[in-house]
Amino acid sequence: MTTSFKRLVKALNKQNLSVTKANSVYQIAKKGKNSVSSVQILLPEHFDLDGKALKQLMSFAEAYHPNGGAVKAVRATPDFHAGSLVPVGAVLSTTKDFIIPQAIGTDIHCGMRLHVADIDIALWQEKKPLLVEKLRGDLLLGSRDLPMAISSFAALFQNGLLGWIDEIKKHPMGDLQTADFNQLENELESIFEYGSLQGSCKWAPESHTADKRNRIRDASLATIGGGNHFVEFQYLEDIADNKQAFAWGLRKGQLSVMIHTGSRALGLHVGNYWSDKAKRAWPNGKKFPEAGIFPLYGELANDYFSAMNTAANYANLNRLLLAEIVRRRIREVFGANIEMPLVYDAPHNIVTQESDCYVHRKGATPAHAGQPVLIPGSMGHPSYLMMGLGNQAFLCSASHGAGRAKPRHEMFRLNRDGKDIGLGCIDCITLKEDRRIEEAPGAYKDINAVVDVQIQNGIVSPVAKLAPLLTFKG
DNA sequence: ATGTGC
């Protein structure tokens, strides 16, 4: 549901909300008392503000816990749209004793990873059939059973990739025995927080603790997953900032590999468990929150934080392993000397501790000063590598993509009616024909407008433009 | 997004 601004103002007034608009920023406030300090939404000029998404956002802005703690500020990125409960593209800062598990949901530490490779695009096109043939068996898997030692899982859960690398050297698994661990270790510095968050084995769900045969049943490590997740080959089409591009190892004309996935089944379990737990832990006799949003306060908030980090560490390894699989195939096809260095790996679905706040980012990516920011378009539109500018007023956050413009069912309807949904020149490899339709370029908003408004508002600055060549979808 | 659902 969308409305024009005038109708929006009217509609909001009825809900006792006031709205003002300065340039591209909507400022929403609750009339009267107890309003949160600030709710702002950044939108390109010709974008409509989605009423459902706004309603969801305001519910989170008003979240409270009877024992204390509070939401301090709320922002929405230009790819903002409604989700099932939480709007996608939402950033919340809260006091450090207050976390809302539902504000992150189940796709914990979902994020983007970008590698580049010095491979001539004409050569890549020539060898593409061979590469695809090899990668089909690697990437089009819904599940897999990696032979990873329990001790490696434990190290990963507790200490993330730093712990995992130490352990995996002692207990190599399958194909990874041939991985270049020095390179993997060096690349940790190009991962958000070194891919190493403070988690704990005690929060691993039952599916990820040793069974009677002393094995861990894990079916989703090194898999892409569904929905908008992908592994994509791209062409580095244009550079906007030569100095920064050079510093990050980028060159015009390079091949790039972009990976979008998260913590899969593990994040689902942790997210569901803690969203439930927050409800169960609601103080006796206190009125349930109307919007069904249950924050955690105090010790439980800390416990959630380490459980969430446990799943986040898994997501970090998931992206690393997918990249490693692609790197191995690239070397088989184009030569063992191809490095395919990591540019950056960052989450867009996570709670972080920043100064005296918890910052919840749901479909929003950190954009601290100097930090690489990855903003994917769609399989028919370019993706952008940006640099964060550390815009405090916008909670140091940028959009995590173009944003979905049309719901899935509408894409199927348009396709049935023979409408152009942008799949004309798309090279998408998937076992699910439905996926191509749901994820068609026509389902997404205008990435250039989304990126430009963030540049104009001092959130990010452009570094490089990446054009899609071939997308693998789960 | 996703444990797959009766």
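Values reported hereafter were calculated over all heavy atoms of this structure, with side chains retained and with hydrogens, waters and symmetry mates removed.
Rounded to whole angstrom, the span from the CG atom of A:L268 across to the C1' atom of B:dG5 amounts to 14 Å. Computed from coordinates, the A:Y273 OH to B:dG3 P distance equals 20 Å when rounded to whole Å. For the pair A:F230 CZ and B:dT2 P, the interatomic distance rounds to 13 Å; values are reported in whole Å. Atom C1' of nucleotide B:dT4 and atom CZ of A:R264 are separated by 12 Å, given to the nearest angstrom. Put simply, NE2 on A:H229 is 5 Å from P on B:dT2, counting in whole angstrom units. If you take NE2 of A:H260 and C1' of B:dT2, they are 14 Å apart, rounded to a whole angstrom. For the pair A:E439 CD and B:dT2 C1', the computed distance is 14 Å after rounding to whole Å. Atom CD1 in A:I104 sits about 17 Å away from atom C1' in B:dT2, given to the nearest Å.
For A:H269, no side-chain nitrogen or oxygen approaches OP1 or OP2 of B:dT2 to under 4.0 Å.
Residue A:G225 is in sugar-phosphate contact alone, with no base atom involved, counting any heavy-atom pair closer than 4.0 Å across all strands shown.
One side chain, A:H368 or A:E354, offers a donor N or O that lies under 3.5 Å from an acceptor on the other. Side-chain contact annotation: A:S399 with A:Q454, donor-acceptor N/O pair under 3.5 Å present. Judged purely by distance below 3.5 Å, without hydrogens or angles, the side chains of A:Y194 and A:N316 never pair a donor atom with an acceptor atom.
A:S263 places no side-chain N or O within 3.5 Å of a backbone atom of A:H109 that could act as its donor or acceptor partner.
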